[in-house]
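Let me begin by presenting the structure, written as structure tokens, before commenting on it.
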Amino acid sequence: MASGQESSGTTLMDLITSDPATAASAAPSPAPAAAASTLGKPVTTDRKSKRATLTQIQNDTIAAAKALNPVRAIPQRQKKKPVSYAQLVRSIHELAATSDQKSSQKQLVQHVFPKLAVYNSVDPSVAPSLLMLHQQCEDRNVLRYVYYYLARILSDSGSQGLSPGGGIPTPNWDALADIDAVGGVTRADVIPRIVNQLTADATNADPEFHSRRLAALKALTSTSASSSEILEKLYEIVFGILEKVGDAKQKRRKGLFGKQGGDKESNTRSNLQYAALSALRRLPLDPGNPAFLHRAIQGISFADPVAVRHALAIISDVATRDPYSVAMALEKHIEHGGALHDILHLHDVLARVSLARLCHSLSRARALDERPDITSQFSSLLYQLLLDPSDRVCFEAILCVLGKFDNTERTEERAAGWIRLTREILKLPEAPSVTIKDTDNPTAKVNTVKPSSKAKRPQPLIKLVMRRLESSFRSFSRPVLHAAARVVQEMGKSRAAAYALGLYDVDEGIQLHAYSENAESLDSEFNSGSQSEGTRKTVPVSNGPGGMDTIAGLLASLLEVVRTTVACECVYVRAMVIKALIWMQNPHESLEELQSIIACELSDPAWPSALLNDILLTLHARFKATPDMAVTLLEIARIFATKVPGKIDADVLQLLWKTCLVGAGPEGKHTALEAVTIVLDLPPPHPGSMLGLTSVDRVSASDPKSALALQRLVQAAVWFLGENANYAASEYAWESATPPGTALMMLDADKMVAAASSRNPTLAGALTRLQRCAFSGSWEVRIIAAQALITIAIRSGEPYRLQIYEFLHALSLGGVQSQFSESQISNGEDQGASGTGLGSLISPMLKVLDEMYRAQDDLIRDMRNHDNNKQEWTDEELKKLYETHEKLLNLVSLFCYVPRAKYLPLGPTSAKLIEIYRNRHNISTSTGLNDPAVATGISDLVYGISELVYESKEAEKESDAIDPELAMAWAAGLEDGLWGKNAPAMEKVNEFLAGAGTDAPDVEEEENITSRPSVTYDDLWAKSILETYEAEEDDARSSGTSSPESTGSVETSISSHFGGMSYPSLFSSRPSGYGVSQNSEIRSGNNGRRFSNTSTGGPTLEGIGSPVREEPPSYSSSVLQRFESFENPLAGRGAQSFGSQDEDTGSHNPQFGKALYDFTAGGDDELSLTAGEEVEIDYEVDGWYYVKKKRPGRDGRMAGLVPVLYVSSS
Amino acid sequence: MLLAVLFTNTEGNILVERFQGVPTEERLHWRSFLVKLGAHNLRRAKNEELFVASHKSVYIVYTMLGDVSIYVVGKDEYDELTLSEVIYVITSSVKDACGKPPTERLFLDKYGKICLCLDEIVWKGLLENTDKSRIRRLTRLKPPTDV
């Protein structure tokens, strides 16, 4: 503890003993030498004599104590000198010996025991004295402490139960390290004795021993559950007691605790019932045991309210596992006037909470489908609990109605919950039962709903709930507000589930019928017990006499109250309110109000970062529930990015961007990308500017730290844009409709830009943004922007590539800078000779593009020559062409990932020639000339290798074939297991979605903001190299991180950096083999080894650790795509076979599929589909299939691209 | 599950702590988290005014009683409102034991008694007794209902 007391320099013991008035006793001065030496003496190693040692200690203690007058033994107070643990223990030993004397008892109760309590627990060496006191002392107060300490010894688990304090002030518990030395008594020595003595107490039926019996039983339950022997004994005792007292019929008396009248016998019985059930509650649940259930159910009728609470808790636990038995056993209690109805009046909040949970379990249990009479009775009881005066009980009932029980409910259950809430009616059987006033309940006082005669009327649940929640939101109690907001959040979850499943066909805006018109039908409906959702028809919701209302109206008025709660000064309440609002937000509703609330909130510096990230995770969860809301949620996420860049976890934010982009679907992709990259349009933060604090678009990064964080976020956004723009724009070079030649004609830049933006506004917009970033912003942002541009240039067709080429060229010359940057605020950096500082970075990029264009020109010229001369291409010429193709492919792959099998650096016209050469020489698409078989000419000798390989792969492919539904889930990000296991934020998101998290919070230090993980620029470098492979080889990671210098300079890291960071990209990961030759030159030997290891994996690469899992799988989740990603130039046969597989499928064995949904072509290269149509799948690329139809469709086209998810491949 | 009950003085020194189901290595985090929470919010708090916080699926309710801050941490059925009940029982018992909202000195003088009360209120991570007269009886080794 000492460390804890650093601030004050005192220990808790100091505090306790510091006041002279009360420090009277302290401890005896050091005991006589003889005694001390005995006590302090280390154990003799002779195990056999343990017991003897114990007795010896006792005898010595007694002797020593008797020799002294105990009063004298505690002589002068020792001012300000804290007593030590050892002194206290010694006092106990001494005083126990004279426990018959009043003064000793007083000493124990007033000084020794209370001070000893400071030590949380005691060590086993005290046990003999405690047991002696237990046997000999009759003073109740002494005995109470004895039971307290015996229980503590029994419950100790690990490190003697003396919890070490750590670095914070705790009353822990000064030098306990040498505790073991005292007498050398161990737990193993004393536990059996303690248990025996307590068991004797607990089974003692002597009325004199009544209270000791109860205390002993309680102490016994402290035993850790690991000792089966003691547990057995406990069960025996508990059931023994219940056997005797459980059956007695008795009426529960109304009245306050402890003041019940009644005869001695029934009071004794009630006490025993209480003690036995309390003990039973602490014992492990035994669901299969009928005796266990029987005793628990008897407990419902016990007189003691705490006993009833425990009984209900046990039953509700059992009910989740074995609902049928419980329901059968409760049959007569649930009938009208039965014991369960009495609990509505029971003055114990937790008992009623357990009742609600029990009713929920039983009314929903599938096992009871045959007994609608029973389930409806439980439902009705549950609905009655909605009127409970305690908020706690009422809220539990609401959550149960909503289908929220723990965190494991399925969407269907939640959806059913919302339907239940909006359609069910509460009809009270008779006089309202909720008339008790919970005087002891602090929270209930504020909001007691007093059911008037109105409550007798059938009431729609939704109205009751809304009214109740509205009144709770007017409470001044923070816990009530927090809980109410949480309930609204759960309501939103159930509502979202109902919408998601399409079960919820009711228009929330329709006017509800007045009660009077429907009373009869409601009655009959209610009484018939047809409560199950499946068959239940819509019941109109009534609004009391004369009132006309709608669910939408009720919700709106509730949300109005919820919104006002945002004014609460407690951030936790506000956070919960925002989460509730996010969940209640529907896709079609206006977003503005929520946006401005959040923007307003985030301007408050009081928000802790953990809470903000929690909200961000809520956005994730909301997206998962309703993928339609992708764009809405991105808009909200954007506010976080701009307002509190320093406080949010950029990994989680990026994952949200990615999932939303994918989830936004073909139509929303553009908007989704816009929402992400709008971050880039923000003006740089103005320090100290307080203007427009609440504006959504205004950056608030007033301090340097958050400005830095914002900059990192901008880097991340730029990277994200570069990596995913092609996906969002559905523009790929390998699918480009425009042959490069056409584009080259458009040399006029203005025309080119105009053509580009008319053809694909998404990509054009992204380019504009990136171009601006390449000029403005910090140096880091410019670097990433240039990299993003080259990525897009490589992946896009014309005229984008040319446009970027021209731009980069201008950039490297620095000529245009003045035009662009005039309006931008200079950050004062030296921008280098070129004006951008990017010259060294850009020149290799330009070189690649130059090479590509040159090669394309050459190819066109060669082709024209061949055509003119009517010459066939010779093998030599083809070989040269193919080598150029390969060389460029390798070059390109250094900068970004491209699908090797599809990518044609020489332009679409080269496809045919390349194909011819490949087929002629059995070159697999991916491994190319690096394949040893090709290099050595072996492939030429092997006939039909492709067929062989194909056959062997076919089987494998079959097993890997992806269920279309799975693919759908994948794309929507609903199937977590399929997300890359390494995605750093994924774990957090999953954990959040699973409702996990009882781990301790990190206390936020100020420094944490800057050291927030994942977005530092160094990390970007490191990640790009390391994380791709980290799953495969741990030592690779260490070797990589240990040499940061190698990645530090721009020159060396460019190539590796381009490969793709671990940020979510819509491309699946960069295949391990790309650019191996170049990479290994750059990297250290260790890294090289890593590569070779990776690539020898062959077919087994498809394990979990394979690189393709490194990132969440992309939209394109087809088998073909996945194989492609494993292709590896260094791999042997295995990889080769992977490579050839793709081609083979295309040429030899066409894949067929069926359209799952209607699809309307959005572009020239797309193909409209009608659900059910049969298609032939030609190939697949990044989420799209190129398919052929048997007959022309409504647009007259036969072939084109369709989204993978729209086609089930057979 | 009632994960923790913590008493601290105004300086953030821990006076009493009871953890249940919290790994030893996490206790330190909880202590710092709670103490920091109190330092930020309890400075000008009224007696027994309830404050709320949450961390993932764990709820925290805390309050000030005299010179002593009281924190309770729970999960599952021990949500904000149940914790409010728990803290209410604790404060009324502490007041009962001390005769009034305690100063730190008074609290320490009644330390043993308070520990015994706590023992009757929180038992193995579950709320046990809620009635203060019943708790008083039990701390004196008398049965809950007089015989």
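Of the residues considered (A/C570, A/A575, A/A483), A/A483 shows the highest number of contacts with chain B, using heavy-atom pairs under 4.5 Å. Contact tally against chain A (heavy-atom pairs below 4.5 Å) for B/T82, B/I60, B/D76, B/L83: the top residue is B/T82. Ranked by heavy-atom pairs under 4.5 Å with chain A, the list B/P23, B/C115, B/S92, B/G125 is led by B/C115. In terms of heavy-atom pairs under 4.5 angstrom with chain B, the leader among A/K218, A/H482, A/E396 is A/K218. The greatest number of non-hydrogen atom pairs below 4.5 Å with chain B, out of A/V353, A/L350, A/D406, is found for A/L350. Chain B forms more heavy-atom pairs under 4.5 Å with one residue of A/A313, A/S278, A/A606 than with any other, namely A/S278. When each of A/F113, A/F395, A/Y145 is scored by its heavy-atom pairs under 4.5 Å with chain B, the top score falls to A/Y145.
Look at A/R357 and B/E77 and you find no salt bridge, because none of the NZ, NE, NH1 or NH2 atoms lies under 4.0 Å from a carboxylate O. No salt bridge links A/R152 with B/D119; every basic N to acidic carboxylate O contact stays at or beyond 4.0 Å. Classification of B/E80 and A/R478 as a salt-bridged pair fails, no side-chain N sitting under 4.0 Å from a carboxylate O.
Just one residue in the list A/N271, A/V306, A/N267 forms a side chain to side chain contact (heavy atoms under 4.5 Å, CB included) with B/P144, and that residue is A/N271.
Proximity to chain A (any heavy atom under 4.5 Å) is shown, for B/Q20, by neither the backbone nor the side chain. At a 4.5 Å heavy-atom cutoff, A/R213 makes no contact with chain B through either its backbone or its side chain. For chain A, the nearby part of B/L37 is the side chain; its heavy atoms alone come within less than 4.5 Å. Proximity to chain A is limited to the side chain of B/Y59, based on heavy atoms less than 4.5 angstrom apart. When heavy atoms are compared at a cutoff of 4.5 Å, B/L127 approaches chain A by way of both its backbone and its side chain.
The shortest heavy-atom contact between B/L138 and A/R144 is O-NE, 3.2 Å.
At least one side-chain heavy atom of B/R134 sits under 4.5 Å from a side-chain heavy atom of A/D304. Under the 4.5 Å side-chain criterion, counting only non-hydrogen atoms from C-beta, A/Y148 is not in contact with B/T139. At least one side-chain heavy atom of A/R392 sits under 4.5 Å from a side-chain heavy atom of B/D79. Using a 4.5 Å heavy-atom threshold, the side chains of A/N141 and B/L141 count as separate.
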request  = Take B/T130 and A/R309 through the test side chain to side chain contact (heavy atoms under 4.5 Å, CB included) and record every step on the way to the result.
outcome  = CA-CA 12 Å; B/T130 52; A/R309 181 212 302 162; 3.7 Å; yes

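Distance alone, capped at 3.5 Å, is enough to place a donor-acceptor pair between the B/K124 side chain and the A/T221 backbone. Under a 3.5 Å cut-off, the side chain of A/R282 and the backbone N or O of B/W123 do form a donor-acceptor pair.
Shown here is A/E138, whose CD atom has no more than 12 heavy atoms of other residues, nucleotides or ligands within 6.0 Å. The 12-atom threshold is not exceeded at CD of A/E208, counting heavy atoms of other residues, nucleotides or ligands nearer than 6.0 Å.
Residues passing the ring pair (Phe, Tyr, Trp, His ring centres under 6.0 Å) test with A/Y572, sequence neighbours excluded: none.
The distance from atom CG of A/D348 to atom CG of B/D131, rounded to the nearest 0.5 Å, is 10.5 Å.
Remark: the B/E128 side chain and the A/Y274 side chain contain an N/O donor-acceptor pair separated by less than 3.5 Å.
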